[in-house]
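Only one structure is covered here, and it is reproduced in the block below.
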2 protein chains.
Amino acid sequence: MSLSIGQLSAETGCNIETIRYYERIRLMNQARRSSGNHRIYGEPDRRRLVFIRRCRELGFPVDDIRDLLRLVDGGAPTCAEVKSVTENHLAGVRRRITDLRKMETVLKGLVRECSGETIPDCPIIDTLFKQSSIR
Amino acid sequence: MSLSIGQLSAETGCNIETIRYYERIRLMNQARRSSGNHRIYGEPDRRRLVFIRRCRELGFPVDDIRDLLRLVDGGAPTCAEVKSVTENHLAGVRRRITDLRKMETVLKGLVRECSGETIPDCPIIDTLFKQSSIR
DNA sequence: CTAATACCTGTAGCGACCACAGGTTCAAGG
DNA sequence: CCTTGAACCTGTGGTCGCTACAGGTATTAG
């Protein structure tokens, strides 16, 4: 039972151009081809693509996914490595949340100080002209 | 009292290449030039660059900054518009925080389920093979 | 006057795609 | 069997906000 790239796209929700892109950067294996050079996919390809999309949804960068796939492909004693990749990524996600929360706090403050009326000195603009201090 | 690009960079903490980039994309005005074609900056340029960097620290995209600068340059009745740009950006930041928190929750779950020992079926990998559901 | 440093322009790369253009193949209907 | 239109192919260029060269010119300190 085989799939065209369009069918694979429909089943996984992954853009066709993106599937070809994944092949180019070697996340997906080189697809089998029909006599007329169209890509043909099987169930293992579908599973692999779902895996990749799921990782991307969780924000794993492509290099991490490559590592994870290598471990998956390799088979055996990999659980600790998988966990470590995941933990590192989690730490990164937490850093980004922290950064964004700092931004949120400052922006909230700016909006609160500003009446929105047309007054000569806008407190938002005034504050933005003052040199940093976020970190 | 004028500054070379290197001095401006040192004073603002903004990379030299980035300053030239801002000029290219018209965030910064075309700089005055010395006889030997070196850029010369004045105090208004310094203030403008500080403003830009501050906005970037707060995550404003360049197009927003362009809007804000236009309002600043324009002068008068702009406070409501400034507030609206800021509020829109704040909403975007909050969306990103929400997304990242969802990721964090799932990743935390993955890490918790995995002992890190070398067992045949890694729970992280197993879960990643299952089709999404984040949204 | 020389040497070191600072500056100049222009181009290419990053990550993770998306969107063409211009050509080929496939599948269904007549 | 033939036509038509959809689906596919490759290759390239754009996105965003920088950063990093390469290869050349200007300035400045000694």
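Note that the coordinates shown come from a computational prediction; the quantities given were computed from them, not determined experimentally. To find a chain, count down the sequence lines: A is the first, B the second, and so on, and within it residues start at 1.
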- request: Give the nucleotide from the list D:dT27, C:dC7, D:dT10 with an atom nearest to the side chain of B:Ser35.
  value: D:dT27

Non-hydrogen side-chain atoms of A:Arg56 and A:Ile65 separated by less than 4.5 Å: yes

task: Using whole Å, report how far CZ of A:Arg32 lies from C1' of D:dC9.
output: 18 Å

query: Closer than 4.0 Å, any side-chain N/O of A:Arg24 to the OP1 or OP2 of C:dA16?
result: no

- prompt: Could A:Arg47 and B:Phe129 be counted as a cation-pi pair, given that NZ or CZ must be under 6.0 Å from the ring centre and within 45° of the axis?
  reply: yes

query: Nearest-Å distance, CG (A:Asp64) to P (C:dG15)?
result: 12 Å

message: Regarding A:Arg53 and A:Tyr22, do their side chains bring together a donor and an acceptor under 3.5 Å, going by distance alone?
response: yes

message: Looking at A:Asp73 and A:Arg48, is any side-chain nitrogen of the basic one under 4.0 Å from a carboxylate oxygen of the acidic one?
response: yes

Candidate nucleotides C:dC17, D:dC9, C:dA6, ranked by approach to the side chain of B:His38 - the nearest: C:dA6

- prompt: Roughly, in whole Å, what's the span from OH in B:Tyr41 to C1' in C:dC8?
  reply: 11 Å

- prompt: More 5' along DNA chain D: A:Gln7 or B:Val62, using each one's nearest nucleotide?
  reply: A:Gln7

query: Where the side chain of A:Arg53 is defined as all heavy atoms beyond and including C-beta, which of C:dC7, C:dC17, D:dG17 is the nearest nucleotide?
result: C:dC17

query: Starting at CG of B:Leu3 and ending at P of C:dC7, how long is that distance when rounded to a whole Å?
result: 11 Å

field: Basic-acidic side-chain contact under 4.0 Å: B:Asp99, B:Arg96
entry: no

message: Would you say CD of B:Gln30 has more than 12 non-hydrogen atoms from neighbouring residues, nucleotides or ligands within 6.0 angstrom?
response: no

First of A:Ser34 and A:Tyr21 reached from the 5' end of DNA chain C, by closest nucleotide: A:Tyr21

- prompt: Considering heavy-atom distances to DNA chain C, does B:Ser4 or A:Asp63 have its closest nucleotide positioned more toward the 5' end?
  reply: B:Ser4

- prompt: D:dG17 P sits how many Å from B:Ile19 CD1, rounded?
  reply: 18 Å

- request: With heavy atoms under 4.0 Å as the rule, sort B:Ile16 into base, sugar-phosphate or nothing.
  value: sugar-phosphate

message: Does A:Tyr22 reach a base, just sugar-phosphate, or nothing at all? Heavy atoms under 4.0 Å.
response: sugar-phosphate

field: Sidechain N-carboxylate O distance under 4.0 Å for B:Glu23, B:Arg20
entry: no

query: Quick one: A:Gln30 CD to D:dT10 P, roughly how many Å, whole number?
result: 10 Å

- request: Walk me through it: do A:Arg46 and A:Glu43 pass the test salt bridge (charged side-chain N to carboxylate O under 4.0 Å, His left out)?
  value: CA-CA 5 Å; A:Arg46 201 193 58 80; A:Glu43 179 58 19; 3.0 Å; yes

- request: Output the single nucleotide from C:dC26, D:dC8, C:dT9 whose closest atom is nearest the side chain of B:Arg33.
  value: C:dT9

- request: Under 4.0 Å between any heavy atoms, over every strand shown, what does A:Ile5 touch: base, sugar-phosphate, or nothing? Just pick one.
  value: sugar-phosphate

- request: Return the nearest nucleotide to the side chain of B:Pro61; candidates are C:dC7, C:dC26, D:dG17.
  value: D:dG17

- request: Write down the distance between CG (B:Asn15) and P (C:dA6), rounded to a whole number of angstrom.
  value: 14 Å

- request: Taking only the side-chain heavy atoms of A:Arg39 (C-beta and beyond), determine which of C:dC18, C:dT9, D:dT10 contains the nearest atom.
  value: D:dT10

message: Rounded to whole Å, please give me the gap between CG in B:Leu49 and C1' in D:dC18.
response: 14 Å

query: Between B:Asn37 and C:dC8, does any side-chain N or O lie under 4.0 Å from OP1 or OP2?
result: no

Would you tabulate the pairs of protein nitrogen or oxygen atoms and nucleotide nitrogen or oxygen atoms of nucleotides 21-24 of chain D closer than 3.5 angstrom?
from: D:dC21; atom 1: N4; to: B:Glu17; atom 2: OE1; distance (Å): 3.4

